[in-house]
Number of protein chains: 2
Amino acid sequence: MAAEGHADGTVGKALDVLDMVASHGRPVRFSDLLTQSAYPKATLYRLLQTLTHQGMLTLDPDTGAYALGVRLVRLAHAAWAQSSLAPIARPYLDELAAKTGETIHLAQMDLGQVLYVDKRNAAKPVEMFAQAGKVGPAYCTGVGKAMLAYLPPEALEAALARQSFYRHTPHTLASREALLAELQAIRTRGHAWDREEHETGIICCAVPILSRSGRVIGALSVTSTTARTTLDTLGALAPTIKDIAAKIAAEAESWRFPEQV
Amino acid sequence: MAAEGHADGTVGKALDVLDMVASHGRPVRFSDLLTQSAYPKATLYRLLQTLTHQGMLTLDPDTGAYALGVRLVRLAHAAWAQSSLAPIARPYLDELAAKTGETIHLAQMDLGQVLYVDKRNAAKPVEMFAQAGKVGPAYCTGVGKAMLAYLPPEALEAALARQSFYRHTPHTLASREALLAELQAIRTRGHAWDREEHETGIICCAVPILSRSGRVIGALSVTSTTARTTLDTLGALAPTIKDIAAKIAAEAESWRFPEQV
DNA sequence: GACCAAGTTTCAAATAGTGAAACCGACGGG
DNA sequence: CCCGTCGGTTTCACTATTTGAAACTTGGTC
């Protein structure tokens with residue numbers, strides 16, 4: 001999380017600092033950040049000041065600790081509403097959840113990682129935003145592989161370079177080669193499996209959400225447990241999932257550019 | 001929204017651009033932003049490039065339109081979880097909603113504006129994040145006035161300077177003087193009313209959430225309609241609301257700085 | 001084929017950012 | 001009571017980054 005290769009300009013550094021503050025789960029002191037960051041004291045200080053002044057961070061006067069500011073929450077709202085697929089997809093997720101009775105995930109790709117932007121839980125009722133925004137690995141999740149499979153070569157390369165290939169379970173595809181073969185299989189099959197590759201007992205069927213021009217804009221998955229379902233049963237849902245994914249894609253396109261062709 | 005007085009440094013400008021993109025409800029073209037912003041072409045172009053490169057914006061290659069990027073969503077999640085009171089307050093909001101059966105708002109102060117960070121709706125079940133993140137005026141809402149009343153002098157001054165004092169309804173306190181008198185009344189009373197000051201027919205009772213040191217960290221309100229309730233009935237709930245606010249304050253403090261005194 | 005609009009690149013001048021070091025106030029021994 | 005230290009803030013000469021007018025592409029239109 002602190003491994004920076006290319007912090008272009010002052011803006012990059014500032015955002016880097018923002019990430020640093022975000023990565024701690026709680027407000028951080030100046031000195032904590034100082035030891036963690038590569039920036040010299042004065043530079044870090046100024047960056048923090050600027051960010052605070054801009055409302056992206058808050059400096060708690062009682063404790064002298066920095067926390068993420070409210071301006072970020074406000075931007076968050078906008079980001080959530082406009083950038084992510086979540087608001088468009090919501091009714092479709094509901095539909096899919098109702099049809100399947102299983103856990104649904106909606107994800108987007110973020111620099112080689114999977115960002116979950118919305119979710120329907122099989123058991124519990126919907127929780128608030130806290131559930132979304134989580135990130136996960138791409139190489140060993142259904143949604144991750146579904147998106148990787150349809151990435152253009154350069155983007156795929158960039159994404160692959162960021163995979164850890166840690167073997168979470170005995171089923172994890174823990175090498176570049178194994179993953180590439182799997183991606184090929186996904187392309188011919190049209191959907192991706194998660195065969196307990198991330199967590200034992202958890203399986204899922206995922207499909208990519210593609211724009212008309214073939215660009216990956218997200219992925220959709222139905223998750224279950226080996227205790228309750230088999231891959232085959234889940235596979236029977238694939239057409240339904242694809243159908244919903246197509247609807248989401250269509251709506252995303254028309255909603256985002258209504259005046260276009 | 002485009003009125004900038006103090007865009008310090010490059011970072012300020014970049015964040016300004018970010019806001020500009022966010023303020024449009026949809027992806028924006030370069031030229032739209034250009035006409036709107038004061039920045040010269042090349043400058044704006046570079047800022048957009050940097051932000052895009054940093055993942056804060058996305059450039060849709062099909063249409064050449066900029067939208068908020070996923071990195072922002074990720075930061076958003078962190079901001080939501082750690083900066084705002086929402087996650088801490090959630091169970092208490094539920095409790096208050098159950099007790100009162102009315103609409104509950106949890107808000108924080110953001111540069112003279114009220115930022116709603118969570119909500120319980122009387123009628124409908126809880127919606128997703130989309131509901132939170134909304135901003136509203138401070139001078140004519142219950143939560144806004146509750147927070148203003150307990151702000152230190154300089155902060156109050158800064159906040160007042162940003163109020164529009166637009167007369168939304170006949171009951172709106174549309175002058176600085178009227179508002180100041182009201183704030184004094186709120187301090188002695190311990191809670192704030194909204195007497196149909198923002199919307200006709202909507203009333204509410206709000207209390208500030210204060211840290212042990214007396215700093216304003218948020219506000220909590222119970223809202224209803226004149227059709228259903230009176231101010232007096234709502235006022236009877238004031239002790240309950242204060243109680244919940246105190247609990248939230250206590251938890252916020254212990255959660256954020258567990259190792260402190 | 002010339003024209004126009006949108007987007008991208010250039011380059012010298014000017015601004016804004018850098019960071020070693022000095023400074024400050026609070027704390028805690030000795 | 002004084003001295004050393006620790007977290008945080010400020011200074012200032014040095015430099016790298018940012019700036020923006022203008023030139024240049026690209027792609028679509030008449």
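Computed from heavy atoms alone, side chains included, the values below leave out hydrogens, waters and symmetry copies. Convention: sequence-line order gives letters A, B, ...; per-chain numbering from 1. No experiment lies behind these values; they were computed from the predicted model shown.
Distances shorter than 4.0 Å separate none of the side-chain N or O atoms of A/Ser31 from OP1 or OP2 on D/dG7. Between B/Tyr39 and D/dG20 there is no side-chain N or O to OP1 or OP2 distance below 4.0 Å. Contact annotation: A/Arg29 side-chain N/O to D/dG7 OP1/OP2 distance is not under 4.0 Å.
Residue pairs meeting the salt bridge (Lys or Arg N to Asp or Glu O under 4.0 Å) criterion with at least one partner in residues 144-158 of chain A, sequence neighbours excluded, are A/Lys145-A/Glu182, A/Lys145-A/Glu197, A/Glu157-A/Arg176.
With sequence neighbours left out, the side-chain contact (heavy atoms from CB on, under 4.5 Å) criterion links A/Thr43 to A/Tyr39, A/Pro40, A/Arg46, A/Leu47. The side-chain contact (heavy atoms from CB on, under 4.5 Å) search around A/Ser164 returns A/Tyr139, A/Tyr166, not counting sequence neighbours. Looking at residues two or more places apart in sequence or on another chain, you find a side-chain contact (heavy atoms from CB on, under 4.5 Å) between B/Thr52 and B/Leu57, B/Leu59, B/Tyr66. Partners of B/Tyr150 under the side-chain contact (heavy atoms from CB on, under 4.5 Å) rule, at least two apart in sequence or in another chain, are B/Ile186, B/Arg187, B/Pro208, B/Leu210, B/Val216. Not counting sequence neighbours, the partners of A/Ser211 by the side-chain hydrogen bond (donor to acceptor under 3.5 Å, both in side chains) test are A/Ser213. The side-chain hydrogen bond (donor to acceptor under 3.5 Å, both in side chains) check on B/Lys242 picks up nothing, with sequence neighbours excluded.
The interatomic distance linking A/Leu44 (CG) with D/dT9 (P) rounds to 11 Å, in whole Å. Residue A/Asp32 contributes atom CG, which lies 8 Å from atom P of D/dG8 at whole-angstrom precision. Rounded to an integer number of Å, the gap from OH of A/Tyr45 to P of D/dT11 is 10 Å.
With the nearest nucleotide of DNA chain D identified for both A/Arg46 and A/Val11, A/Arg46 has the one nearer the 5' end. Comparing A/Phe30 and B/Pro40 against DNA chain D, the residue whose closest nucleotide sits nearer the 5' end is A/Phe30.
Checking B/Glu251 against B/Tyr92 by side-chain atom types alone, a donor-acceptor pair falls below 3.5 Å. Residues A/Arg162 and A/Gln113 bring no donor and acceptor atom of their side chains to less than 3.5 Å of each other.
Between B/Asp110 and A/Arg71 no salt bridge is recorded (no basic side-chain N to carboxylate O distance below 4.0 Å).
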Do any N or O atoms of the protein come closer than 3.5 Å to N or O atoms of nucleotides 22-26 of chain D, and which pairs are they?
none

Just the table, please: protein N/O against nucleotides 14-17 of chain D N/O, every pair under 3.5 Å.
none

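Along DNA chain C, the stretch of nucleotides lying under 4.0 Å from any heavy atom of chain A spans, 5' to 3', C/dG17 to C/dA20.
Between A/Leu72 and B/Leu72, some side-chain heavy-atom pair lies under the 4.5 Å cut-off.
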